[in-house]
Amino acid sequence: MAGEPQADCLFCKIVAGEVPATVVRESETTVAFRDINPQAPTHVLVIPKVHHPDAASLAAAEPAIAADVLREAGAVAADEKLEAHRIVFNTGSGAGQTVFHAHAHVLGGRGMQWPPG
């Protein structure tokens, strides 16, 4: 069920402290940690502590927490002293989502190309 921790979800296990992560920020509603497969010199994931499979379902069910994810993504960029950065939400396996728990990627520290994919 959306909002409830999922036993088979990697990010739910990180929130629960069952799987280690290099946490860089934590708020009442979010956790931000370094990606284990970074695609840029700075690559941090910001996740809600509640489980939703993607950003759209999070925004529909809990818009305040979706806003917290974005706020924390901006705070990560500031903490990391990124002059420019990208915040990315992948939705669905065809878009590159591999963990089906809503999350934002904060990418920076190198030039970004457009289009991104």
Side-chain angles (χ1 to χ4, degrees):
M1 171 191 275
E4 298 295 321
Q6 303 294 303
D8 61 344
C9 174
L10 173 63
F11 290 173
C12 288
K13 291 177 182 181
I14 289 172
V15 169
E18 298 169 5
V19 171
T22 304
V23 174
V24 297
R25 287 185 67 83
E26 184 167 2
S27 74
E28 184 178 317
T29 60
T30 67
V31 178
F33 54 92
R34 300 213 182 273
D35 195 299
I36 61 169
N37 184 26
Q39 301 300 303
T42 298
H43 189 168
V44 174
L45 302 178
V46 181
I47 67 169
K49 290 182 176 179
V50 294
H51 182 89
H52 290 277
D54 55 50
S57 66
L58 173 64
E62 305 195 55
I65 295 176
D68 290 345
V69 170
L70 283 172
R71 186 177 308 107
E72 287 299 307
V76 165
D79 289 351
E80 298 286 325
K81 298 179 180 25
L82 298 175
E83 291 182 24
H85 65 282
R86 184 171 284 169
I87 299 171
V88 176
F89 291 91
N90 297 324
T91 300
S93 57
Q97 186 177 9
T98 57
V99 177
F100 293 88
H101 180 122
H103 59 285
H105 297 257
V106 180
L107 299 149
R110 67 168 172 80
M112 303 282 170
Q113 302 298 313
W114 195 261

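What you see is a predicted model, and the numbers here were worked out from it, not measured in a lab.
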Shortest non-hydrogen contact between Gly109 and Leu82, atoms and distance: N-CD2, 3.7 Å
Rounded at 0.5 Å granularity, tell me how far NE2 in His51 sits from NE2 in His101. 6.5 Å
One should read off an interatomic distance between Arg110 CZ and His43 NE2, to the nearest 0.5 angstrom, of 9.5 Å
If I compare all heavy atoms of Pro5 with all of Cys12, which pair ends up nearest, and what's the gap? CA-SG, 3.8 Å
Output yes when Glu28 and Lys49 qualify as a salt bridge under the 4.0 Å nitrogen-oxygen rule, no when they do not. no
Would Val15 and Ile47 satisfy side-chain contact (heavy atoms from CB on, under 4.5 Å), going step by step from the backbone distance to the final call? CA-CA 9 Å; Val15 169; Ile47 67 169; 3.6 Å; yes
Gap between atom CG of Leu45 and atom CD1 of Ile14 - 0.5 Å precision: 8.0 Å
For Ala59 and Ala66 the tightest heavy-atom approach is CA-CB, 3.8 Å
Spacing of Cys9 atom SG and His52 atom NE2 [to the nearest 0.5 Å]: 11.5 Å
Would you indicate whether the side-chain heavy atoms of Glu62 and Val50 approach each other to under 4.5 Å? yes
Cluster question for you: counting only ILVMFWY and a side-chain heavy-atom cut-off of under 4.5 Å, with indirect links fine, are Leu70 and Phe33 together? no
Do Val23 and Phe11 land in one hydrophobic cluster if side-chain heavy atoms of ILVMFWY residues count as linked below 4.5 Å? yes
If I compare all heavy atoms of Ala32 with all of Val44, which pair ends up nearest, and what's the gap? CB-CG1, 3.9 Å
Charged N-O contact under 4.0 Å between Glu80 and Arg25: no
Hey, any chance Ile87 and Met112 share a hydrophobic cluster, counting ILVMFWY side chains that come within less than 4.5 Å of each other, even indirectly? no
Single-linkage hydrophobic cluster, 4.5 Å side-chain cutoff, Val31 and Val24 together: no
Should the heavy atoms of other residues, nucleotides or ligands under 6.0 Å from CD of Glu83 be counted, would the total exceed 12? no
Would you say Asp68 and Thr29 are linked by a side-chain donor-acceptor pair, where the criterion is simply a distance under 3.5 Å? yes
dist Leu10:CG -> Ile36:CD1 (nearest 0.5 Å) comes out at 7.0 Å
Sorted by chain and number, sequence neighbours left out, side-chain contact (heavy atoms from CB on, under 4.5 Å) with Ala102 holds for Pro48, Leu58
May I have the step-by-step check of side-chain contact (heavy atoms from CB on, under 4.5 Å) for Phe89 and Asp54, ending in yes or no? CA-CA 8 Å; Phe89 291 91; Asp54 55 50; over 6 Å; no
Using the side-chain contact (heavy atoms from CB on, under 4.5 Å) criterion, which residues pair with Val88? Sequence neighbours excluded. Arg86, Asn90, His105, Leu107
CD/Gln97 to OG1/Thr91 distance, rounded to the nearest 0.5 angstrom? 5.5 Å
